[in-house]
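Report on the structure given below.
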Amino acid sequence: MASVPEKNPLRLRKKHGSGERMDVTAADGERLVNAQSIRNAIVAGLITVIVFSLFWTALSSLLNRIFPWFTVVLGLALGFSVRTAGRGIDWRFPLLAALLAVAGSLFANVVVAASVTAESFGTGTLQVLRSVTSMTWPVFFREVLTVADAFFAVVGAGFAAFFANRKLTRSQYFGLRLWRKEQHE
């Protein structure tokens, strides 16, 4: 008669697999790699930056306050949009998300500053943006952007990079490892 191991009442329930080999092949990992799309990630990131800039401008105009920490929220939004649209699993997607977050925070700050300037002059934001010259930029960088804006942009870029890669299950990760191992042989 086979002995059945006694259950220890102080032992926690196992939440991981049974220990059996997964039915995953290198082809599953190859499908993950082929599903990546830098183009989709860039398009989604640019749409996110534009929509977020419009939202930030509208909120600043409505509440008559500027929230410089919103670039951190932009970084979070960019990370999730790059993850969803790009389905990336390698280093290119966090780098892309971080670069989009820094550029997007600069763009959003320009749009918000133009909105505030337009409000004080009693004109439209687009008219102020069309009137920008090469002599306007040094004034903008000297008087509008601060060290706090740069700090928030870097933090937003960090969040964007952190959330940009696709989350993989254990079997997907195992398939990706098998595919990479096959590529190096």
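Numbering of residues begins at 1 and proceeds along the displayed sequence. Being a predicted model, the structure only gives us computed values, none of them experimental. These values consider heavy atoms only, across backbone and side chains, with no hydrogens, waters or symmetry-generated copies.
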Minimum heavy-atom separation for [X] and [Y], please, with both atom names.
| X | Y | value |
| --- | --- | --- |
| Ser61 | Glu119 | OG-OE1, 3.7 Å |
| Ala44 | Ala85 | CB-CB, 3.4 Å |
| Phe152 | Val72 | O-CG2, 3.7 Å |
| Val82 | Ala97 | CG2-CB, 4.2 Å |
| Val24 | Gly175 | CG1-CA, 3.3 Å |
| Ala157 | Val102 | CB-CG2, 3.8 Å |

Let me confirm one number: the [atom1]-[atom2] distance from [X] to [Y], rounded to the nearest 0.5 Å.
| X | Y | atom1 | atom2 | value |
| --- | --- | --- | --- | --- |
| Leu99 | Leu96 | CG | CG | 7.0 Å |
| Ile42 | Ile47 | CD1 | CD1 | 12.0 Å |
| Leu126 | Arg130 | CG | CZ | 6.0 Å |
| Phe140 | Thr117 | CZ | OG1 | 9.0 Å |
| Arg65 | Leu63 | CZ | CG | 8.0 Å |
| Asn165 | Arg83 | CG | CZ | 8.5 Å |

List the steps, then state whether side chain to side chain contact (heavy atoms under 4.5 Å, CB included) holds for Leu176 with Glu30. CA-CA 7 Å; Leu176 183 64; Glu30 186 177 8; over 6 Å; no
Do [X] and [Y] share a hydrophobic cluster, counting only Ile, Leu, Val, Met, Phe, Trp and Tyr and linking them when any side-chain heavy atoms are less than 4.5 Å apart?
| X | Y | answer |
| --- | --- | --- |
| Leu100 | Val43 | no |
| Val144 | Leu129 | yes |
| Val33 | Phe174 | no |
| Leu76 | Val112 | yes |
| Leu32 | Ile38 | no |

For a 4.5 angstrom cut-off between non-hydrogen side-chain atoms, does Asp90 reach Gln36? yes
Any side-chain heavy atom of Leu54 within less than 4.5 Å of one from Val51? no
Looking only at atom types and distance, does a side-chain atom of [X] sit under 3.5 Å from a main-chain N or O of [Y], one as donor and one as acceptor?
| X | Y | result |
| --- | --- | --- |
| Arg166 | Ile89 | no |
| Asn109 | Leu106 | no |
| Thr84 | Ser81 | no |

I would like to know whether Leu78 and Val49 meet side chain to side chain contact (heavy atoms under 4.5 Å, CB included); could you show each step before the answer? CA-CA 8 Å; Leu78 276 169; Val49 167; 4.0 Å; yes
Assess the side chains of Ser105 and Thr71: does a donor N or O sit below 3.5 Å from an acceptor N or O? no
Residue pair Thr57 / Ser60, side-chain donor-acceptor N/O under 3.5 Å: no
Not counting sequence neighbours, list each pair that qualifies as a ring pair (Phe, Tyr, Trp, His ring centres under 6.0 Å) and has a residue in residues 71-121. Phe80-Phe163
Between Phe162 and Phe159, is the ring centroid distance below 6.0 Å? no
Test: salt bridge (charged side-chain N to carboxylate O under 4.0 Å, His left out). Region: residues 133-149. Which pairs qualify, not counting sequence neighbours? none
Angle between ring planes, Phe70 versus Phe55, binned at 30° and 60°: parallel, tilted or perpendicular? parallel
Test Phe67 against Val73 for side chain to side chain contact (heavy atoms under 4.5 Å, CB included), laying out the working first. CA-CA 11 Å; Phe67 302 102; Val73 178; over 6 Å; no
